[in-house]
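Have a look at the structure below before the remarks.
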Amino acid sequence: MGDKFPDIVELNVGGVHYTTTLKTLVSEENSKLHQMFKGSAKDVTRDSKGRVFLDRDGVLFRYILDYLRDTDLKLPEGFQERERLRKEAENLNVTGLVKVLTTFVDQHPPGCITVGYRGSFQFGKDGLADVKFRKLSRILVCGRVALCREVFGDSLNESRDPDHGGPDRYTARFFLKHTLIEQAFDDLQKNGFKLAGACGSGTAGGGPTELKPGVEPEENRWNHYNEFVFVRD
């Protein structure tokens, strides 16, 4: 084994094997990878197959390689290990990647949003409920104002809660301008939120109550309330 690394380098990172170019590994100056692979090939630790061994997280290392190849980071949708990836990048002193991840975390802080809706079932002929068709009156949104605005944007109706404070305050009075619960779920998923819990009241849970104008007594029996808690780490 000579003093110089070959143009094609085989790696064993925490048990995960990679093959990449020497050019990629040394592409970011001042990184530990640059220092290692610009040095002598005799000074590195190797596994039983002769591959260069790095005692780091092998799964996350693929994203470090991707960044070194293209100086761009494209993570899978819903990726939940940005903070761990940032720590791996910090350990290897890949400063460009650390900056990208830090900026993302600053712009997409962790938090919790609760979405709830009160609904019934659509009624057809002879006053019979068709359970295949939901009838939603309103989708409610609770959480920190800045998070709610980030996720729902122009879909967020803030008319019930005039802005009496900064974006770090919390509110339980927002609702959405649409009544498509799946659209709300899509917006949350696109912004890295995952469902953490849910609950529902069921139907016909109470006795006779005073009805609002225009609400049929039979329809009132099928009213229900559901709530969903989403979190982003």
Side-chain angles (χ1 to χ4, degrees), residues 74-83 104-233:
K74 294 182 180 179
L75 297 175
E77 192 170 330
F79 185 76
Q80 295 294 305
E81 295 190 283
R82 287 184 177 84
E83 187 58 33
F104 181 91
V105 171
D106 290 343
Q107 293 177 349
H108 301 80
C112 173
I113 291 179
T114 301
V115 174
Y117 72 84
R118 190 176 304 280
S120 181
F121 294 108
Q122 193 73 40
F123 276 71
K125 295 181 179 180
D126 301 321
L128 298 178
D130 188 341
V131 296
K132 296 180 182 178
F133 292 92
R134 275 185 316 223
K135 181 181 179 182
L136 274 62
S137 57
R138 181 169 288 175
I139 299 175
L140 306 175
V141 177
C142 310
R144 189 151 57 89
V145 171
L147 282 180
C148 296
R149 288 172 176 166
E150 175 196 337
V151 172
F152 297 111
D154 293 338
S155 296
L156 194 66
N157 192 326
E158 303 182 33
S159 62
R160 292 176 58 205
D161 189 9
D163 192 1
H164 295 305
D168 288 333
R169 69 188 177 93
Y170 289 80
T171 183
R173 297 183 61 82
F174 285 166
F175 64 96
L176 299 183
K177 296 177 182 178
H178 60 77
T179 56
L180 302 172
I181 191 67
E182 290 80 10
Q183 181 177 334
F185 291 166
D186 282 345
D187 289 340
L188 286 156
Q189 194 272 339
K190 289 175 184 177
N191 285 275
F193 284 82
K194 295 292 184 181
L195 180 66
C199 64
S201 67
T203 59
T209 58
E210 184 177 348
L211 301 180
K212 294 181 179 180
V215 177
E216 296 293 332
E218 183 64 21
E219 182 175 339
N220 188 60
R221 291 182 58 244
W222 291 91
N223 284 345
H224 55 279
Y225 181 76
N226 293 288
E227 199 165 77
F228 306 87
V229 179
F230 289 82
V231 297
R232 183 170 68 190
D233 298 329

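Remember, predicted model here, so these are calculated numbers, not experimental data.
- Taking all atoms of both residues into account, the shortest heavy-atom contact from Ile113 to Leu188 is CD1-CD2, 4.1 Å.
- Phe175 approaches Arg160 most closely through the heavy-atom pair CE2-CD, 3.2 Å.
- In this structure, Ser137 contributes its side chain and Arg118 its backbone to a donor-acceptor pair below 3.5 Å.
- Rounding to the nearest 0.5 angstrom, the gap separating the NE2 atom in His178 from the CZ atom in Phe152 is 7.0 Å.
- Looking only at side-chain heavy atoms (C-beta outward), Ser155 and Gln183 come within less than 4.5 Å of each other.
- For the atom pair Tyr117 OH and Ile139 CD1, the distance stands at 9.0 Å (nearest 0.5 Å).
- Partners of Phe174 according to the ring pair (Phe, Tyr, Trp, His ring centres under 6.0 Å) rule, which considers only residues two or more places apart in sequence or in another chain, do not exist here.
- Among all heavy-atom pairs drawn from Pro109 and Leu147, the shortest one is O-CD2, 3.8 Å.
- Nearest approach of Lys177 to Leu156, heavy atoms of both residues: CE-O, 3.7 Å.
- Here the closest heavy-atom approach between residue Phe230 and residue Phe185 is recorded as CZ-CD2, 3.5 Å.
- Rounding to the nearest 0.5 Å places OH of Tyr170 at 12.5 Å from SG of Cys142.
- Shown here are the side-chain hydrogen bond (donor to acceptor under 3.5 Å, both in side chains) partners of Asn157, two or more places apart in sequence or in another chain: Ser159.
- Residues Tyr225 and Leu140 have side chains in contact (heavy-atom distance under 4.5 Å, counting atoms from C-beta outward).
- For the residue pair Asn191 and Arg232, the shortest heavy atom distance occurs at O-NH1, 2.8 Å.
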Leu176/Val115 under side chain to side chain contact (heavy atoms under 4.5 Å, CB included): CA gap, chis, key distance, verdict: CA-CA 10 Å; Leu176 299 183; Val115 174; 5.7 Å; no

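- Arg169 contributes atom CZ, which lies 12.0 Å from atom CZ of Arg144 (distance to the nearest 0.5 angstrom).
- Residues passing the salt bridge (charged side-chain N to carboxylate O under 4.0 Å, His left out) test with Glu227: none are found, sequence neighbours excluded.
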